[in-house]
Amino acid sequence: QVLLVESGGGLVQAGGSLRLSCAASGRTLSTYTMAWFRQAPGKEREFVSAITPGGGSTYHADSVKGRFTISRDNAKNTVALQMNSLKPEDTAVYYCAARYFAIASERVDGYPYWGQGTQVTVSS
């Protein structure tokens with residue numbers, strides 16, 4: 001069982017930055033692909049970013065490319081999402097997710113482990 005806890009959400013003005021963190025317990029993350037998803041009110045949960053177990057490959061949704069960066073520290077069992085140039089449309093609950101595969105997935109059902117989410121609100 002992998003337990004994931006997100007932190008770092010909050011309220012920020014458009015153009016600002018936030019750094020989300022996901023801490024894991026129960027298992028070492030070094031063999032898990034990690035991802036961030038988000039869900040805005042009234043919308044389906046959507047893929048944001050993913051990173052393979054060793055950190056050698058990262059993936060980002062087109063909507064966040066060039067603005068968001070995913071990274072991981074396997075020694076600390078954490079994953080981060082650096083979000084720059086935030087826009088009001090980035091407002092959502094952001095979720096950390098994990099899967100025991102070396103290949104990333106953009107599908108919600110590709111990840112069996114989820115955190116509780118952290119709210120990100122970007123004001124215009």
Practice task
For R45, check salt bridge (charged side-chain N to carboxylate O under 4.0 Å, His left out) against everything at least two apart and list the hits.
Solution key: none

Practice task
Specify the closest pair of heavy atoms between R19 and S71, including all atoms of both residues, with the distance to one decimal.
Solution key: NH2-OG, 3.9 Å

Fill in the blank from the handout: Contacts of S63 meeting side-chain contact (heavy atoms from CB on, under 4.5 Å) (sequence neighbours excluded), chain-then-number -> R38, A61

Completion exercise
Residue set satisfying side-chain contact (heavy atoms from CB on, under 4.5 Å) with S17, at least two apart, ordered chain then number -> Q82, N84

Problem - Gap separating the CD atom of Q39 from the CD atom of Q119, nearest 0.5 angstrom - result: 11.0 Å

Practice task
Output yes when a side-chain donor or acceptor of N77 lies under 3.5 Å from a complementary backbone atom of R27, and no otherwise.
Solution key: yes

Exercise for the section: State plainly whether the residues K87 and D90 are in salt-bridge range, i.e. N to O under 4.0 Å. Expected result: no

Problem - disulfide bond (SG atoms under 2.5 Å apart) pairs, two or more places apart, involving residues 17-102 - result: C22-C96

Exercise for the section: Output the rest of the hydrophobic cluster of L81: all Ile, Leu, Val, Met, Phe, Trp and Tyr residues reachable through side-chain heavy-atom contacts under 4.5 Å, sorted by chain and number. Expected result: V2, L4, V12, L18, L20, L29, Y32, M34, W36, V48, I51, V64, F68, I70, V79, M83, L86, Y94, Y100, Y113, V120, V122

Handout entry: Members besides V108 in its Ile/Leu/Val/Met/Phe/Trp/Tyr cluster (side-chain heavy atoms under 4.5 Å)
Key = F37, F47, Y59, V93, Y95, Y111, W114

Practice task
Tell me, yes or no, whether the heavy-atom count around L11 atom CG, taken from other residues, nucleotides or ligands under 6.0 Å, exceeds 12.
Solution key: yes

Handout entry: Residue among P53, S57, S105 satisfying side chain to side chain contact (heavy atoms under 4.5 Å, CB included) with T33
Key = P53

Practice task
Would you name the heavy atoms of I103 and R99 that are closest together and state the gap between them?
Solution key: O-NE, 2.9 Å

Exercise for the section: Check for a donor-acceptor pair, side chain of E6 on one end and backbone N or O of G117 on the other, with a separation under 3.5 Å. Expected result: yes

Fill in the blank from the handout: In terms of heavy-atom contacts, A92 and A40 come closest through CB-N, 3.8 Å

Exercise for the section: Ignoring hydrogens and angles, tell me if any N or O in the side chain of R67 forms a donor-acceptor pair with the backbone of S85 under 3.5 Å. Expected result: yes

